[in-house]
Amino acid sequence: MLVMEKIEQLRDEIRFHLHRYHVLDAPVISDAEYDKLYHELVALEAAHPELVTADSPTQRAGAEPLEAFEKVTHPAPILSLANAFDVEGLEAWAARLGRLLAPEGIEVAGLDYVVEPKLDGLTVVLTYENGRFIQGATRGNGDIGEDITQNLRTLPMLPQRIPVDSKGGLQPPLYLVVRGEAFFPLDKFETFNESRLVAGEKAYMNPRNAAAGSLRQLDSAVTAGRPLTFYAYDIIAWDGVTLPDEQWGRLAYLAELGFPVCPDNAYCGDLAGVAEQYEIWREKRNQINYEVDGLVVKINNRPLADGLGFVGKDPRGALAMKFPAQEKTTKLLDIKVNVGRTGVLAPAAVLAPVEIGGVTVQNATLHNYEEIRRKDIRLGDMVFVKRAGEVIPYVVGPIPDLRDGSEEEIEPPTICPFCEEPVVKPEGEINLYCDNPACPEQLVRRVEYFVSRSAMDIDNFGSQTAELLVKGEFIKDVGDIYSLEEGQLLPLEGFKEKKVANLLAGIEASKQQPPERVLTALGIRYVGEVVARLLLSELGHIDRVGEATLADLEAIDGIGPQTGQAVVSWFQNGRNQEVLAKLRAAGLAFEAVKPEAGGAQSLAGLTFVLTGTLPNWSRSEAKTFIEERGGRVTGSVSKKTDYLVAGEAAGSKLEKAGDLGVPVLDEAGLRALGA
Ligand code: IVH
């Protein structure tokens with residue numbers, strides 16, 4: 001036998017035993033026998049270093065430390081989930097599904113579901129080509145994540161080759177992108193934290209942070225020393241395989257390939273079964289070795305679920321049922337009033353500091369004054385405070401039995417504490433508003449948002465600057481940011497030449513921001529980054545967004561009536577039109593980059609799907625070629641696909657393209673089209 005074959009055979013055997021040990025929890029050889037195999041491989045590789053490959057089991061912690069993580073574009077958006085907090089929320093979801101499916105003649109009562117624990121760790125996206133693990137990434141913003149391949153290679157239960165057991169008769173898929181969750185087992189967390197403290201390092205706040213911190217290490221040797229683990233739960237892109245139509249079948253397929261799949265996933269024949277699982281998990285969540293913050297309910301029929309589309313980033317075919325959050329009691333010391341950028345006056349509780357689920361809580365929301373009245377919350381009361389996931393903690397209610405008579409009633413403000421104009425309560429709304437468009441505090445909030453990182457991202461423009469410029473009346477609306485002058489700023493306290501120059505340079509540079517950021521920065525209700533990008537990719541120009549009717553907007557997949565109405569109202573307001581005019585005059589980008597005919601943008605506006613193995617290009621090279629020329633690559637063939645690029649061993653996608661009449665190119669054809 002050639003050395004190379006011997007080495008490959010050993011690697012196969014070792015991977016098989018790793019899977020038996022770490023995934024199936026059922027080893028078929030002793031540790032000593034395993035060690036012997038492993039050392040045999042180490043010795044052979046040492047004698048033949050030219051034969052060492054990145055996916056060899058010996059290389060799990062062998063990679064050089066990185067300078068920084070590379071960015072990775074996901075093949076399909078890594079979506080998140082809409083939340084429900086109880087069985088009523090589940091029923092409301094089912095009722096919505098019923099309305100969506102009725103026109104198709106489908107009854108909700110006939111659906112079945114998969115219920116999976118919602119693992120509280122870090123989403124990872126794993127790419128396999130021809131059965132080899134070639135890339136692992138974080139979720140990032142859902143479209144672009146970070147390449148953490150080296151770190152993920154250190155997880156012994158994460159398959160480097162699929163199927164892990166090649167004797168099972170399963171073919172390696174040509175291309176498979178798997179989504180799962182990496183997490184820190186609870187039984188290892190306390191001891192791990194103790195060892196950090198002993199070593200003079202900071203303890204991690206919770207297992208989730210420990211998982212995230214462990215995977216975002218530039219030196220994979222650090223990750224290798226952490227007891228991370230992983231469960232797979234979804235396939236987000238594939239080629240060269242036909243997947244089962246059921247989520248339950250897909251989980252089984254993942255397990256068959258050798259992925260660890262959570263043993264606590266459950267199949268439910270109907271909605272009552274789902275509700276029952278939710279009940280069961282109230283107790284069960286405290287009895288397992290990983291942290292869960294809820295359950296994920298998925299419609300088992302995946303083509304049907306996927307066909308329902310999504311709202312924002314949340315697919316309609318799945319739902320997160322969060323568990324009740326942790327609750328503590330503490331004293332309500334004071335009420336502060338905050339003014340938001342829409343003028344809402346929000347009461348905020350100042351609390352005696354209390355630790356809830358690993359975080360010290362000192363401020364909490366009270367939502368609105370109506371709620372304070374309804375719950376009869378008084379100043380000085382002992383109150384229940386709740387913290388759920390990432391949301392800001394809130395005051396649940398008072399504990400009247402603990403009152404001593406010194407508590408005081410809380411009166412809603414009658415004037416805005418910032419501009420002293422009378423407060424209004426619009427018909428049918430529970431919120432109190434400061435209705436004064438010139439209220440400086442509101443404007444400060446709008447400016448802060450406009451310059452913030454998710455909007456225009458203007459460097460050197462902090463909250464204090466926003467406040468100073470608004471108070472000094474240099475800024476009367478966000479459009480005025482672009483007419484600030486050196487001469488106005490220099491006399492201000494603390495504004496030395498350098499600071500002024502930096503601020504003006506930051507403002508100038510922001511004029512290059514793409515139109516989706518400009519649209520986000522306008523602060524239209526419900527229009528964040530994702531919606532702004534969607535609106536511009538559909539309509540191409542901020543002015544077209546402004547001209548669109550409610551019906552035009554609602555026709556866009558992902559835009560609902562609420563968002564549509566908010567957009568229409570915003571553009572109808574004359575004051576907002578003045579702001580737009582100022583921004584336009586300042587030269588901000590309103591128009592999405594237009595596809596140019598020929599030249600560098602030769603593929604602009606075209607949508608491609610890749611399938612099979614191309615003779616000279618890897619899949620990512622082909623993707624880069626298309627994207628650099630303005631084209632888009634998506635994961636599945638539909639009527640909207642302009643071309644299918646097919647290589648050797650193309651499977652179902654080629655068939656589908658044939659059915660839909662989508663033209664098919666080979667690699668040479670793609671080069672010619674892009675030239
Ligand atoms: S499904 C489109 N399944 O929960 C489907 N998510 O917002 C979206 N999570 O951070 C996700 N366990 O990483 C799904 N069994 C599971 C999950 C799960 C944990 C996390 C996910 C994301 C969040 C969903």
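All values below come from the heavy atoms of this structure, side chains included, with hydrogens, waters and symmetry mates left out. These numbers were taken from a predicted model, which means no experiment stands behind them. Counting starts at 1 for both ligands and their atoms, in listed order.
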Checklist entry - Knowing that exactly one of Arg302, Arg179, Lys298 qualifies, which makes a side-chain hydrogen bond (donor to acceptor under 3.5 Å, both in side chains) with Asp234? => result Arg302
Next on the checklist: Quick check on Val296 - does any of its heavy atoms sit under 4.0 Å from an atom of ligand 1?
Outcome noted: yes
Checklist outcome for this item: Nearest non-hydrogen protein atom to atom 22 (C) of ligand 1, with distance, is Arg179 NH2, 3.6 Å
Checklist outcome for this item: Nearest non-hydrogen protein atom to atom 12 (N) of ligand 1, with distance, is Leu119 N, 3.1 Å
Checklist entry - Nearest protein heavy-atom contact for atom 20 (C) of ligand 1: which residue, which atom, what distance? => result Glu181 OE1, 3.6 Å
Next on the checklist: Which residue and atom name correspond to the protein heavy atom nearest atom 7 (O) of ligand 1, and how close is it?
Outcome noted: Leu81 N, 3.2 Å
Next on the checklist: Please compare Tyr290, Tyr233, Phe310 and report which has the shortest non-hydrogen distance to atom 14 (C) of ligand 1.
Outcome noted: Tyr233
Item to check | Cation-pi geometry met for Arg250 and Trp238 (6.0 Å, 45°) | outcome: yes
Item to check | Interfacing atoms of ligand 1 (cut-off 4.0 Å, heavy-atom, Glu116) | outcome: 3 (N), 15 (N), 16 (C)
Checklist outcome for this item: Taking only non-hydrogen atoms of Thr123 and a 4.0 Å limit, the atoms of ligand 1 in range are 10 (O), 13 (O), 21 (C), 22 (C)
Next on the checklist: Out of all atoms in ligand 1, which are within 4.0 Å of some heavy atom of Pro315? Include the element for each.
Outcome noted: 2 (C)
Checklist entry - How are the rings of Phe259 and Tyr128 set to each other: parallel, tilted or perpendicular (split at 30° and 60°)? => result perpendicular
Checklist entry - For ligand 1, is any non-hydrogen atom under 4.0 Å from Cys262's backbone (N, CA, C, O), its side chain (CB onward), both, or neither? => result neither
Checklist outcome for this item: Distance col, row Phe69:CZ vs Leu218:CG, nearest 0.5 angstrom, shows 4.5 Å
Next on the checklist: Less than 4.0 angstrom from a charged side-chain N to a carboxylate O is my criterion; do Lys118 and Asp293 meet it?
Outcome noted: yes
Item to check | Result of checking Tyr231, Tyr290, Trp281 against Asp264 for side-chain hydrogen bond (donor to acceptor under 3.5 Å, both in side chains) | outcome: Tyr290
Checklist entry - Considering only heavy atoms of Pro117, which atoms of ligand 1 have at least one such atom less than 4.0 Å away? => result 12 (N), 15 (N)
Checklist entry - Applying a strict 4.0 Å limit to heavy atoms, is Lys298 in contact with ligand 1? => result yes
